[in-house]
Structures are given as structure tokens and as C-alpha cells.
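Everything below concerns the one structure shown next.
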4 protein chains.
Amino acid sequence: MKKREREILERAKKLFSEKGFHSLTVSDIVDSLGIARGTFYLYFKNKDDIYRRVLEELVKEISSRLKLLPLENPLGQLRENVREVLNLFVEDRELARLILYHPYRLNPEFDAVLETFFEEVKGLVESALLTGMEMGIVRECNVNVVSAAVLGAFLEVGRELLEGKIPSVEVAVDELLELSLKGLLEG
Amino acid sequence: MKKREREILERAKKLFSEKGFHSLTVSDIVDSLGIARGTFYLYFKNKDDIYRRVLEELVKEISSRLKLLPLENPLGQLRENVREVLNLFVEDRELARLILYHPYRLNPEFDAVLETFFEEVKGLVESALLTGMEMGIVRECNVNVVSAAVLGAFLEVGRELLEGKIPSVEVAVDELLELSLKGLLEG
Amino acid sequence: MKKREREILERAKKLFSEKGFHSLTVSDIVDSLGIARGTFYLYFKNKDDIYRRVLEELVKEISSRLKLLPLENPLGQLRENVREVLNLFVEDRELARLILYHPYRLNPEFDAVLETFFEEVKGLVESALLTGMEMGIVRECNVNVVSAAVLGAFLEVGRELLEGKIPSVEVAVDELLELSLKGLLEG
Amino acid sequence: MKKREREILERAKKLFSEKGFHSLTVSDIVDSLGIARGTFYLYFKNKDDIYRRVLEELVKEISSRLKLLPLENPLGQLRENVREVLNLFVEDRELARLILYHPYRLNPEFDAVLETFFEEVKGLVESALLTGMEMGIVRECNVNVVSAAVLGAFLEVGRELLEGKIPSVEVAVDELLELSLKGLLEG
DNA sequence: GATGAATGAGACTTCATTCAT
DNA sequence: AATGAATGAAGTCTCATTCAT
């Protein structure tokens, strides 16, 4: 990727994160960089294109943090990944805002990027579950539903973390795992 | 509310649900009803106004289904409410789509409507948890985090249900509750 | 004129005077009276119609104050009329504002009403001048130009009076007459 | 100022002068120039903005013609300025129409432009009067009132000149000055 | 006489995108 | 590679006026 392209992409990420897709205009981006309107279109087909590419980079960044940990410890894998990504959210709030407050249904392509990513995550959870079942440490369950639930729980907790309603990543990780593993019942 | 106002609101709900906030124009709404543009503005200040009102009605409708069940059975309350709302989502897919795929950050007012509603729901979960703890049937936990996680799990499962990835409400309810109550661990 | 018609006309005078022609809507008028929109159109053809009628009433009211005083004292007549109308302006500020800050060229009819009226006034000044000349107390001059100048001086002084930049009608009358009769030169 | 900006401004001046503020639309302006709607908004914030700028240019043009003539001849200064501006009115009828038939109270900003200008003119007259008094060639008078009256006389005579009711600038100047200096009385 | 819901023409404005330089 | 003036489709909203009741 050209230096200029990268420069525009980074600025767009920052600005989309601040203003959201719709409020941000192409002019905002180029003005912010002090370049010409036309320059933008040398590197990006249109506004949707750059937003999609921002999203793609973000999900790629998150994906790269997700680890397939040793098979003998599938639930440890879950915990590690949860911690890793929540930490990423806290370190890169722009990324977090874009992922967690994505405005659905502006453009099917956008939704597809996140959808694909979330499917990947759910797949990861599912294989952890299946492995766990084989090992006899995870009870029988509908892995589809459970992986969706785990992802949803994770995303909502991520939002609360972003908004400062949860004091620390550690608390969030612990509670998410306690809940997922042992549930709420006493004993 | 006037008959005409109701008529416009219902149509808007349907159309917003189909096309999303941005793709839908005021002209789409009035053309769909065969009325004049100006008529729309007799009843609604502008496009944001009607969208906000649609959201408000929806969250009111959901709220009215949420029951505060007998105190002696706080977790039964949780199950009843989960079932109730998931059923509502299946019966009224327009409502479900609008709530579950809300495009964040178009307008702070819109987000506030949902935010307020979700806070209400989390409050409900929290009091169920606290009551359960007092009764000794729920383990100690951070109710803030856990209620967020439960809500998130619920919303994501709702999405999968809406998309037909989960076969029935009963499966969804059962898995959500099993997960929340007993977690994933065997035994 | 019907009572209702009068009522609308008076309110319109007040409101046009406050907000000007363009900023005032027909809704403003009917809302202010608590009557229905349709009622307005029972008595007035349209918005232009009522504005024109307001103007017509005003110029008629001013005209009725203009006196053709005894021929032997044409310049006394001028003074009396100046005083009379400036007093009217001070007493009825709505009338004054409408006449003195008329927005030209919205509608030729509106301009015609004032134009006709101003022509009448200039005619009055002209005949005073001509009589004065015949009597040998007024110097030869181009009565067209002079009557326009006198009217213009009067109107501008009226505006200053309305805005409180001139302390009293008496001062205004005295200065206008001194200027018109004796000019500015010493001796 | 850019060439295109100037082009739009000049055309707007012409069109506002012909049709008045209200009847003229932004579309009229751009259609008349054969340019796109959006182009207008590259150079002007909105319709009010361009009208204000037209007015500002006009008063600046007139101001630049107003001279502070030698102190020893304050009344000569008055005459020169009157002649100068009336000539300008005759040469540039668009300018004259816009200044002399300004539609008051559409927008306070518009009125402020003219108000400021007229205050400047009155200030000029006032200082001529004060100088004249010091020199003993002007009688004692209320300079506020008199300067307003002189301005008003001038403006109304300007209108008559514009409408062809006064045959020439010279006649207008002579009568205005005769009236201002010597008044109407014989001898 | 009175109502007021409904109309719809018409104005304003934004902004993603193009293209000649 | 870069520019930025120009485009024009698309949208929002207002308000004078009508007409069935």
C-alpha cells in the first residue's frame, strides 16, 4: 500500500470513529489531511469503499490476535482470547468504537465484513466447545446458540468497558468466564 | 393520536425496518401511503422525529411485555421474560429488526432511546440477581458486568433467531438459560 | 365590514408591523386569534390581499389627518400637517413602522398603495408651494423636486423619531420647518 | 475574489435589482449563468449571503465616491457629494434601485448594512454642519435632525430621478442645495 | 359561517463524485 | 500524482391555499 493511501486510511479510521459513517464527509477527510478531493479518489473508489476497507483492516487486526491455543485447554483458549481482544479495545478505542457501534444496514457490504468476522469468532468458540465436549469437560449443548450467546455477551461487555462502566479488563474477563463456565447458580 | 398519524407511523415502522434509516426517504413514506409530502410534516417534525417515535413505541411495546414475576422465583422471571421477548421478536420481525440492527450514532437521540431501554432491562436482570443472591441461590458476582453479559447474549441470540439460524424460540430460551444458570462446564 | 374581518385586519396590522411581511405567516395570524385557517380565507383573498388592505387603511388614516388649511397661510398648513402626522407616528408606532419601513418590490400593488399616497402628499406640498409663490412669500423653485425633497426629509425624520434618536415631535417639527423655510445659512 | 465568484456576484446584482430579493431564486441566478446549483454554494453560503454581499459592495462603491472636501468650504463639499452620488445613481441604475428600494426587515443583517452606511452619510453631513457653524456660515441647528432630513431629501429626490420624474441631475442638485441652504422663503 | 386536514409547488442545501489541467 | 472547480442528483422542509364537512 502506498504511503498516501495508508495516510488517508488511518485518518479515515480516526474520523469515522469520531463522527460515524454518515456525519463524516469525504471533504472532512481530505480537509483534515490538507489534500485535494481528487486525491482521495486516486486511492479509494468512493466513500463506501474506504469505510469497508477500514472495517476490513480492523477485523483483520482483531483476527490476528485471536489464537488457537493448545487443544488440551480449550477453555483456557477462550479466556486468553477474551482478554486479548478486550485489551485491544481498551488500547485502541477507535477500533473498538467502530466494531462495537457499527451502524447496521447502511450497506450490505459493511454488514458482511462484520458478519464474516463474527462468524469466524463464533466458529472459534464452537470448536473450543466441541473439543471440550470430546474431552468431557464441557456439557452437551447447542453450539450454535451458545457460541452466539458467548459472542453477544462479550460484545456487550466490551461496550460497557468502552464507556467506563466496568472498571477494568480483568474484572470483565473474570466475570465473563465465570458466567460462561459456571453460570449463575450457587454451588 | 390521530388516525392519520398512526397510519404514517405504522408505515414508517414497516419501511424503516425494510430499508434502514438512511435509505428510506420521507418521500418513500408518503408515496407509499399515497399522501402529500406536507401531510407528513403535519404530524412529524422531520425524518429523525418519526424514526425516534418508532423506536420509542417499540421499546414501550417490549417493556410492557417484561414482567416482574414473583420474588420467590427470580430466575424463573428471567426465563419468562426471555421467552416472552424472543416470541415477540419472532411474531413482529419488523420490531425485531429495528431493535436488533439499530444503526448506532446517526443521532444521539436514537441511541438514547435504546440505551435507556437497555438500561431498564439490565436493571431488571440486576434485581433478579440481587434477589437471588439474598435467597442464596445465586452466587456472588459483579451484577453490572453480568447483567450486561446476559443482555448481550440475549440480543445476539435474538439476531440468530431472526436470521433463522436457530430453529425455535424454545431452543434459544433453553440454551440461554442453561448457559446463564449453569454455565458450560460438565457436572 | 364584519366584526370578524375587522378583528383579523387589526391583528394582522399588529403582527405585520412586528415581524414584517415575509416572516409573518397566515398561520401566525390565525393562531394568534385562535381561529381556523379557512376562516381567514372567508374574509381575505390571500396573504397579499390582507397586507394591501392593511396598507390602504393606514394611508387612509394618515390622509384623513392631512388638512387643507386656509389658503392665506400655506406654510402654516405645512407645519400643521407635519406635526399632525409625526404625532400620529408616535401614537401609533405600528402604523409608523409599516409606512416607514415598507419592504419595496415584494408586490407592485403594495408599492402602488404607498406611491399613490406619497403622490397625494407631494401634491399637497406642491399646491402649498404654488400658492405661496403666487402670494410672493415663496421663492421660485421646481415644485416637483422640492416637494419630493420635503417628503423625503419628513420620512427620514419620522424614522429617527420612531427609533428614539430625536427627543420630541416638537424638535422634529421645528427643525424640519426651519430647514424647509429658511435653509441652513446664517442670517 | 475568484473570477467565478465575481461573475455570480455581478449577475446577482443585476437580477436582484430587476426582480427584488424575494422573487429571485438561487436557481434563477445559476440558470442565468448556465452553471450548476452547487457551484453557487461554493462561493456563497446561501441566498441571504449573496444579497448581503451585493449590498455591501454597493455601499462601499458609494462610500468611495464621497469626498471630504477642503474644510474652508463645507457646503461646497455637500454639493459635490450630492452631485457625485446622484450621477452614480443615474449611471448605475441597478445600484440605485437596490439602495433606494431596499426591502426593509427581511433580514436584520441587510438593514444593518444600509443603516451603517446611512449613519456614515449623516455623520458626513453633520461634520459639514458643525464646521459651517464654527465658521459662522451655518446657523445653529439640531445637527441630528437636520442631517437626517438632508439625507431623506436626498434619497427621495434620488428616487424621483431614477423614475425620470426629474429631468436631470443638475436640476436635482440645484434644487436640493437651494432648499437646504436657503430654504423656501422669498428674499 | 367556521373548521382544519390535506395539498403540492417550490425553495433551499448538501455532498459524493468527476475531469480537465 | 495531485489538484480543486464544477457538477447535479437527491433530499429536506415550508407555507399559502383549498375543500369536504
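In what follows, every chain begins at residue 1, and chains take the letters A, B, ... in the order their sequences are listed. Predicted, not measured: the structure shown is a model, and the values here were computed from it.
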Salt-bridge present (C:Glu7, C:Lys3; N to O < 4.0 Å): no

Shortest non-hydrogen contact from A:Leu88 toward A:Ile62: CD2-CG1, 3.8 Å

Check ion pair B:Asp28-B:Lys19 (N to O, under 4.0 angstrom): yes

Most 5' of D:Gly34 and B:Asn46 on DNA chain F, judged by nearest nucleotide: D:Gly34

Sugar-phosphate, base or nothing in reach of D:Phe40, heavy atoms under 4.0 Å: nothing

Separation between the C1' atoms of F:dT21 and E:dG1, rounded to whole Å: 13 Å

Whole angstrom value for the distance that separates C1' of F:dA16 from CG of C:Asn107: 14 Å

Salt bridge A:Arg52-A:Glu57, side-chain N to carboxylate O under 4.0 Å: no

Closest-nucleotide ordering on DNA chain F, the 5'-leading residue of C:Ser27 and B:Ser27: B:Ser27

Nucleotide F:dA16, atom C1' - distance to CG of C:Leu106 in whole Å: 15 Å

Value in whole Å for how far the P atom of F:dG11 lies from CG of B:Asp48: 15 Å

Separation of atom NE2 in C:His22 from atom C1' in E:dC12, rounded to whole Å: 14 Å

Option passing salt bridge (charged side-chain N to carboxylate O under 4.0 Å, His left out) with A:Asp92 (candidates A:Arg97, A:Lys14, A:Lys13): A:Lys13

Selection from E:dT3, F:dT12, F:dT3 that lies nearest to any side-chain heavy atom of C:Thr39: E:dT3

Distance, rounded to the nearest Å, where D:Arg4 contributes CZ and F:dT7 contributes C1': 11 Å

Runs of at least three Watson-Crick or G-U pairs with DNA chain E, cut-off 3.5 Å: E:2-21 with F:2-21

Distance test, side-chain N/O of D:Tyr41 to OP1/OP2 of E:dC15, below 4.0 Å: no

Sugar-phosphate only, base, or nothing, as touched by C:Phe44 at under 4.0 Å among non-hydrogen atoms: nothing

Proximal nucleotide (of F:dC13, E:dT3, E:dA6) relative to the C:Ala36 side chain: E:dT3

B:Tyr104 ring center near B:Phe110 ring center (under 6.0 Å): no

Sugar-phosphate only, base, or nothing, as touched by A:Lys45 at under 4.0 Å among non-hydrogen atoms: nothing

Parallel, tilted or perpendicular: ring planes of B:Phe21 versus B:Tyr51, cut at 30 and 60 degrees: perpendicular

Separation of F:dA16 P from B:Leu42 CG (nearest whole Å): 14 Å

Donor-acceptor pair present, C:Arg37 side chain and F:dT18 base, under 3.5 Å: no

Protein-nucleotide distance (C:Asp49, atom CG; F:dT18, atom P), rounded to Å: 12 Å

Between C1' of F:dT12 and CG of B:Leu24, the distance in whole Å: 13 Å

